[in-house]
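Chain letters run A, B, ... following the sequence lines, proteins first and then strands; every chain starts at 1. Note that the structure is a prediction, hence the values are computed from the model and not measured.
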Protein chains: 2
Amino acid sequence: MTVDGKRVQARVLQEFCGKAFRAAGLGGAEADLVSRNLMEAELRGIGSHGVMRLSTYLRKMKDGGFNRTPNVRILRERAGMALIDGDDGLGAVVGEKAMKLCIEKARDAGIAAVSVRNVNHYGYAAFYGKMALAEGMIGITCCNTPAKMAVYGGAENLLGTNPLCIAVPATEPYIFDGATSVVARGKIMYYSIAGLPIPSHWACDAAGRPTTDAKVALKGVQLPFGEYKGSGIAIAVEILSAALSGARFSYAANELFSDYEKPQGLGFFFAALDVSAFAEPDAFRAGMDQLLSRLRSSKRAEGHDEILMPGELEARSERENLRDGVALPPDLVKDLTSVAAEYGLSEDPAAW
Amino acid sequence: MTVDGKRVQARVLQEFCGKAFRAAGLGGAEADLVSRNLMEAELRGIGSHGVMRLSTYLRKMKDGGFNRTPNVRILRERAGMALIDGDDGLGAVVGEKAMKLCIEKARDAGIAAVSVRNVNHYGYAAFYGKMALAEGMIGITCCNTPAKMAVYGGAENLLGTNPLCIAVPATEPYIFDGATSVVARGKIMYYSIAGLPIPSHWACDAAGRPTTDAKVALKGVQLPFGEYKGSGIAIAVEILSAALSGARFSYAANELFSDYEKPQGLGFFFAALDVSAFAEPDAFRAGMDQLLSRLRSSKRAEGHDEILMPGELEARSERENLRDGVALPPDLVKDLTSVAAEYGLSEDPAAW
């Protein structure tokens, strides 16, 4: 999906977000961090987790769903693990602390896992996977989200679209990052607006019948990717994120884009593997490059012009958006303009 | 798929395998272990990883592909990890040692990972996941296998069907255990023999065109489950199993059911998370039971009579097969009769 709209340099947008968060009472370091989280998603072409979330985050802070000054505490700890209470803080604020701790522990133990409860959504998952990459580590993270998806065989929203990220160092890193639904909800919304039929394995209607009508799908339930296998992975994400940490399950979690006064009560899972514990980092990188390159050069199936590795498309977007600026659709510019007015910022997004 | 054939008690079959392995020169403890590995798969209804592998394992030992007396060495070690050289031993022999070490380390560190190279296929993956369950831990394991599957968008066998297992303690444990292909190769063979068409997302022909002809599919390439997402998971399995350990990649690994004189050169990955480090085990179990029970009781989609959790079908098979005996198809009985003759065993499978 190509987004039409004016292009704005990432730096300008990120500063704007930072000022808005500060004006809304978030501490400077936290404001910068959350802005970077939104901006990196935007750069990587994941607009659904980008600047369009700014106004929601601000409202959540104002109405009480997001705790501006959480007391993030370690409840349990061993050489390779920690359990953290996020005290209803912003997901990125708590998540970044948790992944940092996970990386520190992995440097000694070789691998570590950190489990987090009482938190709000953490934005795009690869943000934390990339933190591990920067330290020469494999990063794995997942979180649960409010229920928007059925279990395999079901017709009821009981699971979140529960994203999973696995990031592995390589010259062009492998970064798997996706919801465990067949497609993102935004994609079904796009088909609905465009009046296009959707493939029948994306969703079913409220009565549990497969549908190719995007409008019907939006009122029904999304389906997990890969039939019962993907459903099993989505359940594993629920377990690692929520059962392990003691967070609310997806079907009991509060919404992000409504329930403004309520903390979401979600759970996160982070793991880091220090590659240098297992292998000589140069040899590992050479192996990764060989594997990914061999897969990219595969003989292609009908209808496929190229074979992309996980994260490759996002890396392309990032290069392009860093060079040309991020495209902001008109509705988003309006939304940011309202933010500027509400928080008394001198910037005028309409004039960018 | 129901298997017709005579039913034999598990104990009888397991003893038979043990005697055959001993007669073929495997040590007693190893013979018992590998027999149990085959038998547990058989009991859980995974015949493809059961007693039908006995004659192949014996031939691999005879021809040199399997090292009967491997020097299994720890090459690298930290509090939460180890790298092991399997010295071309039988997969179950090396895998069981590796998972034991992983569990020991997880008991102290909270989480541990063990990576293994220079090994042969380890049988059904849940064997190792269940070892973690027995210690109140979450067990995760995966391995690569000789290339039989395309990457998403490809039409060339570059990835193994790379199985992944995640096992989590609960009253009825969650045990996800599956290949990362849409279906097992055996299922396509079954459709081929039955003359039935296969869904077009299971495989493509050798030229990379989707096919519904099972016979054509068997000469082509299998496809990963869940389109590009499942493909990404299959690549992650390849990375964790082979890139991390320094094993051969799937496209360079030797076959199990041919290449009898060659070690396969595969890699394994094991991880264990000690639940008691993160939570009170009873509270965790109660949470798991609540989650799985809520998912099972979901409103059902059209065409689904019940909603099964990962591992539930296998647990049912196990109960039934323990009670009634394991069904052995006539060809398998013939195969075992040949084994008895070749290794001078007094048992006569035809008379069971």
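Within the 4.5 Å cutoff, side-chain heavy atoms of A:L159 are placed close to those of B:L295. Side chains of A:I138 and B:L244 form a contact here, defined as non-hydrogen atoms less than 4.5 Å apart.
Neither the backbone nor the side chain of B:A167 comes within less than 4.5 Å of any heavy atom in chain A. Heavy-atom distances place both the backbone and the side chain of B:A179 under 4.5 Å from chain A. Within the 4.5 angstrom heavy-atom criterion, atoms from both the backbone and the side chain of B:V182 approach chain A. Of the atoms belonging to B:L223, not a single heavy atom falls under 4.5 Å from chain A. With a threshold of 4.5 angstrom between heavy atoms, B:D108 approaches chain A through N, CA, C or O but not through any side-chain atom. Proximity to chain A (any heavy atom under 4.5 Å) is restricted, for B:Y174, to the side chain, taken from C-beta onward. With a threshold of 4.5 angstrom between heavy atoms, A:Y251 approaches chain B through side-chain atoms but not through N, CA, C or O. Heavy atoms closer than 4.5 Å to chain A are found in the backbone of B:A106, but not in its side chain. For B:L75, no part lies near chain A; criterion is any non-hydrogen pair under 4.5 Å. With a 4.5 angstrom heavy-atom cutoff, B:E306 does not touch chain A via any of its atoms. There is no contact between B:A150 and chain A, counting heavy-atom distances below 4.5 Å.
Along residues 266-273 of chain A, the residues that come nearer than 4.5 angstrom to chain B, judged on non-hydrogen atoms, are A:F269, A:L273 in order of number.
Residues A:E238 and B:R294 are not paired through a salt bridge, judged by the lack of any N-O separation under 4.0 Å between the basic side chain and the carboxylate.
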